[in-house]
Amino acid sequence: MGYIHCCGALHKTRTFRLVPQQGYLICEVDLLTKCPTCGHKVVQLTRITSEGDVVTVRKKNKKAENFFNRIRKNILYEIRHINYTNYGTFYLNYNEYGVIKRCYSNLSNMRLGRDENIDKKSLGVLKLNP
């Protein structure tokens with residue numbers, strides 16, 4: 001999945017791999033069927049030369065439609081990326097030493113600093129020397 005910059009934002013596109021032409025290592029076409037902001041159809045051809053230079057050709061609207069129809073016969077396949085958002089919810093209840101975890105990042109269970117504000121004389125903790 002590629003991106004095309006249109007109307008001040010990057011928009012996700014469909015990406016196709018083409019047969020490499022003479023003098024180019026990689027040829028790809030990005031197709032944005034309709035920009036959500038302006039409604040234009042955008043086609044961008046990106047080619048990489050053997051020296052590492054990047055050459056791009058970009059067309060809009062009717063010219064983009066004609067350009068895509070001309071290069072359609074050279075398309076090898078569409079590049080599809082795997083969606084990793086559907087991951088599992090497995091949670092390991094043991095730490096690296098084999099001890100069961102008891103704190104699930106709940107800071108309200110922590111006892112740090114709670115005894116500082118208590119009057120220790122009233123609790124009988126401090127014993128004065130008689």
**Q.** Heavy-atom closest contact (L76 atom, L18 atom, distance)
**A.** CD1-O, 3.8 Å
Q) Which pair of non-hydrogen atoms, one from Q44 and one from R58, has the smallest distance, and what is that distance? A) OE1-NH1, 3.5 Å
Q: Tell me, with the steps shown, if I71 and F16 meet side chain to side chain contact (heavy atoms under 4.5 Å, CB included).
A: CA-CA 11 Å; I71 61 175; F16 300 95; over 6 Å; no
Q | Closest contact, heavy atoms only, K12 versus L32 | A | O-CD1, 3.7 Å
Q. When rounded to the nearest 0.5 angstrom, what is the spacing between CG in N61 and SG in C38?
A. 7.5 Å
Q.
For H11 versus C6, what's the shortest heavy-atom pair and its separation?
A. NE2-O, 3.1 Å
**Q.** Gap separating the CZ atom of R17 from the OH atom of Y77, nearest 0.5 angstrom
**A.** 4.0 Å
Q) Any donor-acceptor pair under 3.5 Å linking the side chain of T13 with the backbone of G2? A) yes
Q: For K34 and H40, run side chain to side chain contact (heavy atoms under 4.5 Å, CB included): C-alpha distance rounded to whole Å, both residues' side-chain angles, the deciding distance at 0.1 Å, then the answer.
A: CA-CA 5 Å; K34 184 178 179 184; H40 290 166; over 6 Å; no
**Q.** Cluster check L25, L45: I/L/V/M/F/W/Y, side chain < 4.5 angstrom
**A.** no
Q | same_hphob_cluster(V29, V57) at 4.5 Å side-chain heavy-atom cutoff | A | yes
Q: Start with the C-alpha gap between I79 and R14, add the side-chain angles, then the distance that decides, and say whether side chain to side chain contact (heavy atoms under 4.5 Å, CB included) holds.
A: CA-CA 8 Å; I79 299 172; R14 293 176 60 190; over 6 Å; no
**Q.** Distance (rounded to the nearest 0.5 Å) between I4 CD1 and L31 CG
**A.** 7.5 Å
Q) What closest approach, in Å, do F68 and V43 show between heavy atoms, and which atom pair accounts for it? A) CB-CG2, 4.1 Å
Q | Given D53, I48, T49, V19, the one that forms side-chain contact (heavy atoms from CB on, under 4.5 Å) with Y24 | A | T49
Q.
Could you tell me if the side chain of V54 sits less than 4.5 Å from the side chain of T46, heavy atoms only?
A. yes
Q. Quick one: are Q21 and R47 in side-chain contact, heavy atoms under 4.5 Å?
A. yes
